[in-house]
There are 2 protein chains.
Amino acid sequence: MNGTRRIASSLDEMDLAILERVEDDFDVSLETLAEELDLSKSAVHYRLNKLKDNGVIRSVTADVDPLAFGLEMVAITDVSVTHETGYSEDIGEELIARQGVEQVYYTMGDVDFVVISRVQTRDQLNDLIDRIVAIDGVNETSSKFVMQEFENNRTIAANITDAARESILGMSTD
Amino acid sequence: MNGTRRIASSLDEMDLAILERVEDDFDVSLETLAEELDLSKSAVHYRLNKLKDNGVIRSVTADVDPLAFGLEMVAITDVSVTHETGYSEDIGEELIARQGVEQVYYTMGDVDFVVISRVQTRDQLNDLIDRIVAIDGVNETSSKFVMQEFENNRTIAANITDAARESILGMSTD
DNA sequence: AATGAAATCGACCAGCA
DNA sequence: TGCTGGTCGATTTCATT
């Protein structure tokens, strides 16, 4: 029951190296990976499959550029709700189901939800906020525009703290 | 110079259908895709390549489960800076470079940056906040814990508003 | 857990509508 | 420009260690 209880099975440094590579770019060939890691192609393939089976790799996905869709406007909206207990899960599901909403966080604090959404125009944002306010239980919203985004490509394996890395490599097999 | 100016080239409904599918799961075989879309394997492949060349598909990536790394704690940190102008880009780069930080948004409003980070323990979060405060120009921070996340798998194509969809399909070729 | 060989699937090309 | 069908190369699978 410590901070690492859900780790699927022991990951070694080779697994981390593979993850750091494919989390950023899965289009790399098995041959290139095998050379970089000094392993046979089959061994790399075997480890990738194991990582998928273990759920460490949840899925392989295409990363679509929102700008290619004209989605140039990002907003962060704080949402407070009326009944604070019990309904939060339902309201979270309602929020994430709204077209244009990308991420929803339920937080401790004076605002209950932080909602990040992406749209084309200010009109679309106004419309989205109307659709948020229409959700039963939503009390008040307050939005701010994002001027600039700094992103990470979601490369979790390459982005963990040193302490977290130690903790992962120290795990033994289930 | 309208809201859709950066759209790479005209996308049709077939492209959108392909994107909706592969943005969620790129592990689907060409054959399955071809059957689902009533197209030949080569045609699907041709369109996928075009979408990559156009930059609509930025990359293909492995989606790693943060819980598999014991990263159970998410925090949203508001960061205000001392010199409001000029240095914002530098500070944003500094923030995103910190281990544990996933996303950074530079906003209009009383807080300047919204930082979303993911760590294993409260100690690691404290350490991360120390590393944020140490950045030159950072004035004040205020963090809240995330109790629950609602996520979208970042499926942009399946998540655009109807208005945005109309706007995209209505485009003509450059 | 890793290997090499055999079967399957995806990438690429020339040509066509 | 978008698509087809075929070839080649890469990936997946499997028996074996």
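Nothing here was measured: the structure is a model prediction, and the numbers come from that model. Basis for what follows: all heavy atoms, side chains included, without hydrogens, waters or symmetry-related copies. Note on naming: letters A, B, ... go to the chains in the order of the sequence lines (proteins, then strands), and numbering restarts at 1 for each one.
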Check: For B:Val28 and A:Met14, take the nucleotide of DNA chain C holding the closest heavy atom to each; which residue's nucleotide lies nearer the 5' end?
Finding: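 It is A:Met14, whose closest nucleotide lies nearer the 5' terminus.
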Note to self: Go nucleotide by nucleotide along DNA chain C from the 5' end; which of B:Lys41 and A:Tyr46 gets its closest nucleotide reached first?
What the structure shows: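 Of the two residues, A:Tyr46 wins.
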Is the phosphate of [N], meaning OP1 or OP2, less than 4.0 Å from a side-chain N or O of [X]?
X       : N      : value
B:Arg47 : D:dT1  : no
A:Asn49 : D:dT13 : yes
B:Ser40 : D:dT4  : yes
A:His45 : D:dT11 : no

Note to self: Within a 6.0 Å radius of atom CG on A:Asp136, are there more than 12 heavy atoms belonging to other residues, nucleotides or ligands?
What the structure shows: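 Check fails, neighbour count at 12 or below.
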Given atom [atom1] of [X] and atom [atom2] of [N], what is their separation to the nearest angstrom?
X       : N      : atom1 : atom2 : answer
A:Leu37 : C:dA1  : CG    : C1'   : 15 Å
B:Lys50 : D:dC3  : NZ    : C1'   : 12 Å
B:Leu33 : C:dA11 : CG    : C1'   : 15 Å
B:Asp38 : D:dC3  : CG    : C1'   : 14 Å
B:Leu30 : C:dC12 : CG    : C1'   : 12 Å
B:Asp27 : D:dT12 : CG    : C1'   : 12 Å
A:Glu31 : C:dG4  : CD    : C1'   : 14 Å
A:Ile18 : C:dA1  : CD1   : C1'   : 12 Å

Margin query: Rounding to 10°, can you tell me the angle the first-five-pair axis of the helix from C:dA1-D:dT17 to C:dA17-D:dT1 makes with its last-five-pair axis?
Written below: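 Computed from the C1' atoms at both ends, the axes differ by 40°.
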Item checked: Common cluster, A:Tyr46/A:Leu48, ILVMFWY with side-chain heavy-atom separation under 4.5 Å ->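 The answer is no; the residues belong to distinct hydrophobic clusters.
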Check: Which nucleotide, D:dT4, C:dG10, C:dG4, lies nearest any side-chain atom of A:Ser42?
Finding: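 Nearest nucleotide to the side chain: C:dG4.
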Check: What's the closest nucleotide to the B:Ala43 side chain, out of D:dG2, D:dC3, C:dA1?
Finding: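 Of the options given, the side chain of B:Ala43 lies nearest D:dC3.
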Margin query: Quick check against the 3.5 Å criterion: does A:Glu23 have a side-chain atom that pairs as donor or acceptor with the backbone of A:Ile57?
Written below: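 No, the answer is negative, given that no donor and acceptor are paired below the 3.5 Å cut-off.
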Checklist line | Backbone of B:Leu33 reached by a side-chain donor or acceptor of B:Arg21 within 3.5 Å | finding: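 Pair absent, no side-chain N/O of B:Arg21 close to backbone of B:Leu33.
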Checklist line | Separation between CG of B:Asp78 and OG of B:Ser143, rounded to the nearest 0.5 Å | finding: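 With rounding to 0.5 Å, CG (B:Asp78) is 8.0 Å from OG (B:Ser143).
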Check: What is the distance from atom CD of B:Gln148 to atom OG of A:Ser88, rounded to the nearest 0.5 Å?
Finding: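 Separation between the atoms: 6.0 Å.
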Next item on the list: Give a yes or no on whether a salt bridge exists between B:Glu151 and A:Arg58, defined as a side-chain N under 4.0 angstrom from a carboxylate O.
Entry: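 No, B:Glu151 and A:Arg58 are not salt-bridged.
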